[in-house]
Amino acid sequence: MSKKLDELFSKIMHSKIFENRDMLRPDYIPDELPHREKQILTLAKILAPILQGQRPSNVFIYGLTGTGKTAVAKYVLENIKSRKEVSGKMATAYINCRYDDTDYRVLATLNETIGIRIPFTGLATAEVYKRFVNGLDNKKISMIVVLDEIDALVKKCGDEVLYKLTRINTELKNSRVCVIGITNDLRFTDFLSARVLSSLGEEEIVFPPYTAPELEDILIRRASKAFKPNVLEDGVIKLCAALAAKEHGDARRALELLRIAGEIAEREGKDKVTIENVKQAYKEIERDREIEAINSLPLHSKIILAAIYKLQKMEKKEITTGEIYDTYKALCEKTKIEPLTQRRVGDLINELDTLGIINAKIVSRGRYGRTKIIKLSVSDKSIREGLLSDENILRVLT
DNA sequence: CCTCCACAGGAAGCGCAGGAGT
DNA sequence: ACTCCTGCGCTTCCTGTGGAGG
């Protein structure tokens with residue numbers, strides 16, 4: 001056994017494929033951001049007044065996932081911070097609102113970036129805000145606040161903090177704050193009240209999706225550092241770029257694809273990454289996503305899915321809502337779980353449909369009523385793996 | 001043309017958890 | 001500690017409906 005482990009570890013230590021696989025990870029920020037020159041310049045122009053101690057306009061950054069919004073923001077901030085004109089006179093805060101998704105946590109994090117400790121609970125939100133204003137004013141600095149995935153915060157808590165943050169400059173005598181909001185929800189402004197919109201949206205930058213050739217260029221640059229020389233078969237990068245471009249030009253997706261393909265090749269002990277590996281990686285990512293989607297379903301949705309799976313195994317060609325409900329109820333009985341009503345199950349079936357796990361179509365069969373015919377749209381294997389991690393379901397399926 | 005099946009899906013309301021105000 | 005409020009998952013009750021068979 002220990003010999004096998006030895007082999008495994010030395011295989012990874014002496015990878016024939018990777019030089020530095022971290023270069024392909026989503027959180028890696030490269031030294032240069034190709035094909036985003038325009039956005040970098042625009043953002044830099046907007047923020048430049050800070051070098052003269054003036055307050056820059058607030059900025060709104062839009063763009064789908066994997067279009068480089070976060071990377072560009074961080075890149076420009078780093079550059080500004082490193083200039084000697086502002087040393088000691090400015091601070092930056094980067095907040096991911098997906099993790100800090102309440103007013104309190106956002107304000108607490110802001111306090112911490114200027115060196116004020118805040119207990120994780122116990123203070124009124126207004127008090128935390130007051131401490132931030134006072135603390136910041138005493139420091140006599142300019143501050144740039146980046147709120148990434150800002151839509152998550154607003155959808156959960158409303159735009160009260162944003163309003164306060166954009167108005168904070170009226171309360172400050174010696175310091176000033178500039179807010180950069182980043183969102184991948186293009187209809188995000190619908191959630192904002194007009195008062196916030198006018199002050200936060202002083203400037204807007206849109207990040208279009210990368211095109212296939214752009215993705216290819218990015219991948220080539222990254223791959224040259226991430227992989228050993230000459231391990232990529234011809235066309236590997238082109239295929240990764242093409243597959244990711246099809247899914248709204250997501251660079252993160254493209255890099256993931258390349259990394260997984262490399263890992264597959266490595267696992268198989270090859271010294272080349274082939275086109276076939278990319279296709280396998282694509283399937284693997286797809287499958288992992290399916291399994292994850294199924295796995296995170298609430299209990300009753302899982303039972304419904306198990307019912308559909310069972311019916312499909314019985315080689316029924318047309319599965320209807322009524323049949324599913326009967327099977328579902330039987331499964332519930334076996335597990336001693338209180339079944340939901342058919343009305344509710346109907347809604348859950350619709351949810352499974354929107355998630356893309358099943359396919360439901362309304363049909364009218366005349367005399368024989370109006371119903372939905374339902375088909376699974378993920379592979380049997382994904383269903384089994386996704387469901388079997390749940391022991392409740394395991395018991396009824398076997 | 002009308003009927004009537006087997007549901008779809010809207011409306012209202014209920015109980016509960018969790019947060020805000022006091 | 002207590003009320004009040006709100007959102008969410010769910011139920012109950014309901015009206016609506018495409019088209020095969022009469």
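For clarity, every value in this text was computed on a predicted model and none was experimentally measured. All chains are named by letter (A, B, ...) in the order of the sequence lines, taking the proteins before the strands, and each is independently numbered beginning at 1.
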Problem set entry | Earlier contact from the 5' end, DNA chain C, for R365(A) and R370(A) |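 So the residue in question is R370(A).
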
(Q) Considering every strand and a 4.0 Å limit on heavy-atom distances, what is the contact class for G322(A): base, sugar-phosphate, or nothing? (A) sugar-phosphate

How would you label the contact of D347(A) with the nucleic acid (heavy atoms, under 4.0 Å): base, sugar-phosphate, or nothing?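 Counting heavy atoms under 4.0 Å across all strands, no contact is made by D347(A).
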
Is the distance between the ring centroids of F18(A) and F227(A) under 6.0 Å?
yes

Taken in chain and number order and not counting sequence neighbours, the residues that satisfy ring pair (Phe, Tyr, Trp, His ring centres under 6.0 Å) with Y325(A) are Y328(A)

| request: Quick one: pull up CG in L355(A) and CG in L305(A) and give me the separation to the nearest 0.5 Å. | output: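 Answer rounded to 0.5 Å: 10.5 Å.
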
### Query
When you list every nucleotide of DNA chain B with an atom under 4.0 Å from a heavy atom of chain A, which one comes first 5' to 3', and which comes last?
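It runs dT3(B) to dG10(B).
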
Bounded by its outermost nucleotides with an atom under 4.0 Å from a heavy atom of chain A, the footprint on DNA chain C reads dG9(C) to dG21(C)

If you assign each of K372(A) and Y368(A) to its closest nucleotide in DNA chain B, which residue comes earlier from the 5' end?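 With K372(A) and Y368(A) compared, the 5'-side residue is Y368(A).
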
Comparing nearest nucleotides in DNA chain B, the 5'-proximal residue of the pair R367(A), I349(A) is R367(A)

Which of these passes side-chain contact (heavy atoms from CB on, under 4.5 Å) with L258(A): V236(A), V278(A), V273(A)?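 For L258(A), the side-chain contact (heavy atoms from CB on, under 4.5 Å) check succeeds only for V236(A).
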
Applied to residues 348-368 of chain A, the side chain to side chain donor-acceptor pair (under 3.5 Å) test, sequence neighbours excluded, yields N350(A)-K372(A)

*Pairwise side chain to side chain donor-acceptor pair (under 3.5 Å) hits with a residue in residues 171-181 of chain A, at least two apart*: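 Sorted result for residues 171-181 of chain A: Y129(A)-E171(A).
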
Result block: side-chain N/O donor-acceptor pairs under 3.5 angstrom for residues 49-57 of chain A, not counting sequence neighbours:
residue, atom, partner, partner atom, Å
R55(A), NH1, N58(A), OD1, 3.4
R55(A), NH2, E202(A), OE2, 3.3

When D148(A), T109(A), T113(A) are each screened for side chain to side chain donor-acceptor pair (under 3.5 Å) with Y94(A), the one that passes is D148(A)

